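Following: one structure in structure tokens, then a few remarks.
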Protein chains: 2
Amino acid sequence: MGRAKRNTSASARPDIHAVARLARVSIATVSRTINNVATVDPRLAQRVWKAIDTLGYSPNTQARALVSGRSRLLGLIISEITNPFFPELIQGFEDVAVQNGYEILISSTNYDPQRMEQCIQRMLERKVDGVAVMTFGIEGPLLDRLAQRQIPLVFVDVAPNGPLFSTIEVDYRHGIREAVQHLAVLGHRRIGFISGPLHLHSARERQSAFLRAIGEIGLKLRPDWLQEGNHTLEGGISVMQKLLDSGDPPTAIMTSNDMTAIGVLHALYKAEARVPEDFSVIGFDDVTIAQFTLPPLTSVQMSRHELARCAVLALRDHLEPQPSSYVPRYKVQTKLIVRQSTGLPAARPFRRGNSRNARKAVAQS
Amino acid sequence: MGRAKRNTSASARPDIHAVARLARVSIATVSRTINNVATVDPRLAQRVWKAIDTLGYSPNTQARALVSGRSRLLGLIISEITNPFFPELIQGFEDVAVQNGYEILISSTNYDPQRMEQCIQRMLERKVDGVAVMTFGIEGPLLDRLAQRQIPLVFVDVAPNGPLFSTIEVDYRHGIREAVQHLAVLGHRRIGFISGPLHLHSARERQSAFLRAIGEIGLKLRPDWLQEGNHTLEGGISVMQKLLDSGDPPTAIMTSNDMTAIGVLHALYKAEARVPEDFSVIGFDDVTIAQFTLPPLTSVQMSRHELARCAVLALRDHLEPQPSSYVPRYKVQTKLIVRQSTGLPAARPFRRGNSRNARKAVAQS
DNA sequence: TGCAGGCGAGATAACGTTTGCGCAGAGGAG
DNA sequence: CTCCTCTGCGCAAACGTTATCTCGCCTGCA
């Protein structure tokens, strides 16, 4: 009785009972219609859809999630949203997730394990169906906590074992080989590399891809041209300054990420060296702002959109049984984007205070 | 019977009944304890908390939302996540929302009204408690759709009428006045301004703040030094080129956002002019990458964190009755951040191909 | 024509909370 | 000592779905 009289006001949001009443069917039939259950009579289904349309009904996600146990919510954990690497990743993740009928919950850890803990806690409380851990590196114990809950997880590069874990492989080699060969073709023989922090798996991968590419073309790398950076602007500046101070710097510098490359650009600017006339610089990631630097930065692109797509699909494949013909392959390519920070090597080695230096020359005049 | 025997397996996530059983109280008492209802006996409460702790219980958000009608979910609609303005806003929003016990749902419209429509649809389906519309400008009809549902909304600058609407005011004048006076103190008398697209409220506000500040110090602005840009890098480049081509450019250029300023930097670089020796440049927003440009960009900062804080608090104030002593005031300050793109005006007006141009001089040598 | 079998739709029990209501017990007043 | 009030806990009804079970009807075959 109470049930029968509920929800008669026009302003209230229609519920499944209202639809059922209007279509003169039971709520069960409405539910089946919505969920495309095959056994429902097409004529009834049409009545139901029409009722749904006229009422502007949309099912209550909370109730759905409560009974079905599936929230259609995907978690996305990233390191730091202000790092220009991530916004594009998020964008791609959102696009693909929404296409597949999922909503996303984003959390940034800011490299703080405790914050990471809270992120995971929040996601578990919201009952996410799966989590993409797109941070570089994850603490072991936290991973265990996630693993205990029966939630599918997807990672980049690093691959813990477990039936619910997926890994996205990045083919660093291809793009980095292209970059090295691009420099070699221009005539560079003195190529340096500033790595990321080597405790990160992805940084080690990039460095070894570089070393391999150098070896492939028969070049030998001077040990002091291989330096460890920390993936930050400041790191790039200080390492490049060290290279300059050494008195015998390479003519081209490749870096493990774009922030480091921008740091290199800053150091060179401060040392009054010109890019690409005195030094060629190549970044990695091809972050959006790489186009906006002066000069625009040549960089190895790793498609964030592709990465995001793989992540969502990997989770989806765990959650929804796919046709057996479907063979998942989570692999992301890299490729070189040539802009204006690379050019022919300088005829003579750069020296600080050299007359070839533009701004200094003017200052003296 | 069924009820009594459920959920006895150790691996299952504990339920409110499990807690009640362990604490030897009813589920109602557990619920009241969790929600800090005053009438519960402190000694019972302690038993309940202890049981919650030992079981590692956390309430099911979906069930909670279903019965209480409140999802504790806040929507955040932005223009475009790859625009460097937004990530910091998101970060702040996330921080403050989580502090207040809310989770957030992010959606970017990419300036596409249809996509905006979908965003709103998705948010309504997830039954968000409130939405922050942080895009610059919103379509009227969409706003109406949001208004129909009884959902609190918060906007920036633009203020529709309605009991559920809040507006965050930005004090553009303060920061822009500081910028103009900073240039004036350095000795600039020829100050230009590149505005944003003037159909945007915020762009008009910034321009009028600039005009007012110029008037305050008794300067008069030559009409051709006031140009309309479009808040993009390309816009900045082309407008600056037009100013240079005019043959009588200002010595300092202020812009309506940082992307435009970066465009100006590019145009000047291409024209072989030096910053700040030949031209001073001031941006607006103080986006993260403003620190990374060459030279680092002087810019008027509008705190995204503050903006986000206001947005969350405005929504919260609608959702949760605040003590009467609490007087909300949603206002965001702006202030000048001086970096290295501003300096003394050039002694002589800049002319393209002038001997003062650094790189050209070298090329000739 | 009668009966078995199958299929489609309706009734209803979950899902895990919050919350109004009633009731029991304690304490105070007459 | 009795009655009334007040306080605090438990019972049970929602919340809006999905899924299982059941029942009725139609078809086809003997």
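Convention: sequence-line order gives letters A, B, ...; per-chain numbering from 1. These numbers come from the heavy atoms of this one structure, side chains and all, not from hydrogens, waters or symmetry mates. Please read these numbers as outputs of a predicted model, since none were measured by experiment.
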The criterion is side-chain hydrogen bond (donor to acceptor under 3.5 Å, both in side chains); which residues satisfy it with [X], sequence neighbours excluded?
X: B:Ser26; result: B:Thr29
X: A:Arg72; result: A:Glu320
X: B:Tyr330; result: B:Asp317

Review point. Any ring-ring contact (aromatic ring centres under 6.0 Å, His included) pairs touching residues 89-123 of chain B, not counting sequence neighbours?
Key: none

Stretch [range]: residues that reach within less than 4.0 Å of DNA chain D through a heavy atom:
range: residues 37-45 of chain A; value: none
range: residues 120-131 of chain B; value: none
range: residues 46-71 of chain B; value: B:Leu66, B:Val67

Check your understanding: So, is A:Ser31 close to the D:dT18 phosphate, meaning a side-chain N or O under 4.0 Å from OP1 or OP2?
Key -> yes

**Study point:** A:Arg32 side-chain proximity, nearest of D:dG16, D:dT18, C:dA9
**Key:** C:dA9

Exercise for review: Measure from the side chain of A:Ile16, starting at C-beta and using heavy atoms only, and say which of C:dT17, C:dT19, D:dT18 lies closest.
Suggested key: D:dT18

Exercise for review: For B:Val67, check side chain to side chain contact (heavy atoms under 4.5 Å, CB included) against everything at least two apart and list the hits.
Suggested key: none

Check your understanding: Residues in side chain to side chain contact (heavy atoms under 4.5 Å, CB included) with A:Lys50, at least two apart?
Key -> none

Let me check something: any side-chain donor-acceptor pairs from residues 304-315 of chain A under 3.5 Å, sequence neighbours excluded? List them with distances.
| residue | atom | partner | partner atom | Å |
| --- | --- | --- | --- | --- |
| A:Arg304 | NE | A:Phe85 | O | 3.4 |
| A:Arg304 | NH1 | A:Asp285 | O | 2.7 |
| A:Arg304 | NH1 | A:Met302 | O | 2.6 |
| A:Arg304 | NH2 | A:Glu88 | OE2 | 2.9 |
| A:Arg304 | NH2 | A:Asp286 | O | 3.0 |
| A:Glu306 | OE2 | A:Arg309 | NH1 | 3.1 |

Check your understanding: Taking A:Asn110 for the side chain and A:Asp112 for the main chain, is one N or O donor matched with an acceptor at less than 3.5 Å?
Key -> no

Check your understanding: Are the side chain of A:Asn35 and the backbone N or O of A:Val37 linked by a donor-acceptor pair below 3.5 Å?
Key -> no

Starting at [atom1] of [X] and ending at [atom2] of [N], how long is that distance when rounded to a whole Å?
X: B:His17; N: C:dT17; atom1: NE2; atom2: C1'; answer: 9 Å
X: A:Ile34; N: D:dT17; atom1: CD1; atom2: P; answer: 7 Å
X: B:Arg72; N: C:dG16; atom1: CZ; atom2: P; answer: 22 Å
X: B:Asp15; N: C:dC15; atom1: CG; atom2: P; answer: 8 Å
X: A:Arg24; N: C:dA9; atom1: CZ; atom2: C1'; answer: 15 Å
X: B:Ile27; N: D:dC9; atom1: CD1; atom2: C1'; answer: 13 Å

Exercise for review: Compute the bend angle of the helix from C:dT1-D:dA30 to C:dG30-D:dC1 from the end axes (five pairs per end), rounded to 10°.
Suggested key: 60°

**Study point:** Distance, nearest 0.5 Å, that separates CD of B:Glu125 from CZ of A:Arg64
**Key:** 8.5 Å

Exercise for review: In plain terms, say whether A:Arg115 and B:Asp95 are close enough for a salt bridge, that is, a side-chain N and a carboxylate O under 4.0 Å apart.
Suggested key: yes

Review point. Do B:Gln121 and B:Glu117 have a side chain donor and acceptor closer than 3.5 Å?
Key: no

Practice item. List in chain and number order the residues that pass ring-ring contact (aromatic ring centres under 6.0 Å, His included) with A:Phe155, two or more places apart in sequence or in another chain; answer none if no residue qualifies. Key: A:Phe165

Practice item. Identify the heavy atoms of A:Met123 and A:Ser107 that sit nearest to each other, and give their distance. Key: CE-CB, 3.8 Å

Practice item. Classify the side chain of B:Arg13 and the base of C:dG16 as holding, or not holding, a donor-acceptor pair under 3.5 Å. Key: no

